[in-house]
Amino acid sequence: MQRRKFIKRSLQGGVALSLGATIIACTESSKKETVMTGTHSPIAICTWGFTKANEVAGIALKNGDNALEAAIKGVAVEEENLKNTTVGKGGAPDREGNVTLDACVMNSNGDAGSVVCVENITNVAALARIVMEKTPHVMLAGDGAEELAYKHGFQKENLLTENSEKAYREWLKTSEYKPIINIENHDTIGMLCMDHNGDIAGACTTSGLSYKMKGRVGDSPIIGSGLFIDNEIGGAAATGMGEEIMKTVGSFLIVELMRQGKTPQQACEEAVRRVVDKNPNHKNFQVAYIAMDKKGNTGSYSIHPGFAMMEYKEEINTRKESKAALDS
Ligand code: GLY
């Protein structure tokens, strides 16, 4: 990357010296053309009603960002949203009062990066990209991931906001651990993007279950559980009770079902059915999926009603209420 930047700058410098600034403008515009030659109309989808996050991703795609860049920009909106108590800064802490974040990304080449139990860093999806692109590994945990972040210019931030600390102190009075369906315990943002070239990539980021045990990691940073992309087939992302999603490797399952010919909608429904059939306790937790295939068809499904997917298509950002296994 550095080398590519250097070559690009040297070339631009050389052209400027010999032919003047006009030619630079041409070089820049043809660079833009190269990015935009794809004929696909960009698509972004994400879990829950994260309107702004999805719109940011959609506009980034429209302006020529590739699918991975757009997905990371999109989910960053929620990582930085202090009102969101289950993603990024402002996320609820664990039982000891520490906010720990999990995230992963996958690009259209099938490369993956992931970080788990990261403190003091807000944009953990961007950090997962660093793991993917700058290290020989797929997953880094805790201090190791945090140190990598500082080496790449991320700022140290206190993720526990005044409001989340207040809510935590209130929670300590009973210390009752009971996730509330659709409310505040699992609003993970999972996002799938298709760019002008028809390439698919995604990102998933969360603070996990509120007041989780110290060290607990859910599905979101687990490749194949919280997120999976196969650029030949499509992608899927999950939200909800991570333990249940991990046990059925939900996102990988959905992509494999699409490979076998199921539509994104049918694949999401089948993946939710697996959770429901295997767990008689399923009325007590939420699991929800979104999916997109290579043709740009999308789908979503959940156990409980109340889940929604945002969809940016043909430059329109729409909230789509999902059907649910327990719809009456
Ligand atoms: N789905 C988020 C989590 O369980 O951590």
Side-chain angles (χ1 to χ4, degrees), residues 45-50 53 71 75 78-79 81 84-96 98-106 114-119 124-125 127-128 139 141-142 145 159 164 177-192 202-228 235-254 268 271-272 274-275 279 281-282 284-291 300-304 306-309 322 324:
I45 59 173
C46 77
T47 54
W48 302 105
F50 296 128
V75 300
E78 286 309 316
E79 290 175 332
N81 175 4
N84 187 329
T85 58
T86 55
V87 181
K89 189 171 181 176
D94 65 14
R95 291 177 199 187
E96 325 266 317
N98 299 313
V99 182
T100 63
L101 305 183
D102 304 325
C104 76
V105 296
M106 265 191 102
S114 161
V115 290
V116 303
C117 262
V118 183
E119 294 183 49
V124 276
L127 181 57
M139 183 181 282
L159 304 180
S164 45
Y177 183 65
K178 196 172 174 208
I180 309 164
I181 291 160
N182 284 347
I183 307 281
E184 56 173 348
N185 295 68
H186 41 53
D187 298 358
T188 301
I189 181 163
M191 182 174 281
L192 305 170
C204 189
T205 177
T206 190
S207 54
L209 288 172
S210 308
Y211 317 129
K212 60 196 175 187
M213 287 178 71
K214 183 178 182 178
R216 180 266 186 192
V217 174
D219 62 302
S220 303
I222 309 296
I223 303 301
S225 289
L227 176 75
F228 193 72
T239 178
M241 187 60 75
E243 281 72 6
E244 302 305 320
I245 297 161
M246 286 154 85
K247 285 190 274 182
T248 49
V249 200
S251 293
F252 180 73
L253 173 62
I254 289 168
C268 288
V272 167
R274 296 264 176 114
V275 176
N279 197 326
N281 194 32
H282 63 265
N284 295 329
F285 56 81
Q286 175 68 300
V287 163
Y289 293 110
I290 60 169
S300 66
Y301 201 64
S302 58
I303 298 180
H304 291 268
F307 176 64
M309 169 179 83
S322 288

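Please read these numbers as outputs of a predicted model, since none were measured by experiment. Just follow the structure's listing: the first ligand is 1, and inside any ligand the first atom is 1. One-based numbering along the sequence shown. All heavy atoms count here, side chains included; hydrogens, waters and symmetry mates do not.
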Any heavy atom of R216 sitting closer than 4.0 Å to ligand 1?
-> yes
Under the salt bridge (Lys or Arg N to Asp or Glu O under 4.0 Å) test, residues paired with K214 that sit two or more places apart = none
Would you check whether [X] has a nitrogen or oxygen atom less than 3.5 angstrom from a nitrogen or oxygen atom of ligand 1?
X: G240; result: yes
X: G208; result: no
X: D102; result: no
X: T188; result: yes

Sub-4.0 Å atoms of ligand 1 with respect to non-hydrogen atoms of [X]:
X: S220; result: 1 (N), 2 (C)
X: G218; result: 5 (O)
X: D219; result: 1 (N), 2 (C), 3 (C), 4 (O)

Note, T85 side chain near S164 side chain (heavy atom, < 4.5 Å) = no
Which pairs, with at least one residue in residues 216-225 and sequence neighbours excluded, count as a salt bridge (charged side-chain N to carboxylate O under 4.0 Å, His left out)?
-> R216-E243
CA sep, side-chain torsions, deciding dist, call: L192, I290, side chain to side chain contact (heavy atoms under 4.5 Å, CB included) | CA-CA 8 Å; L192 305 170; I290 60 169; 4.2 Å; yes
In sequence, state the C-alpha distance, the side-chain angles, and the governing distance for F50 and N81, and then conclude on side chain to side chain contact (heavy atoms under 4.5 Å, CB included).
-> CA-CA 11 Å; F50 296 128; N81 175 4; 5.9 Å; no
Spatial distance of atom SG (C204) from atom CZ (F228) [nearest 0.5 Å] | 14.0 Å
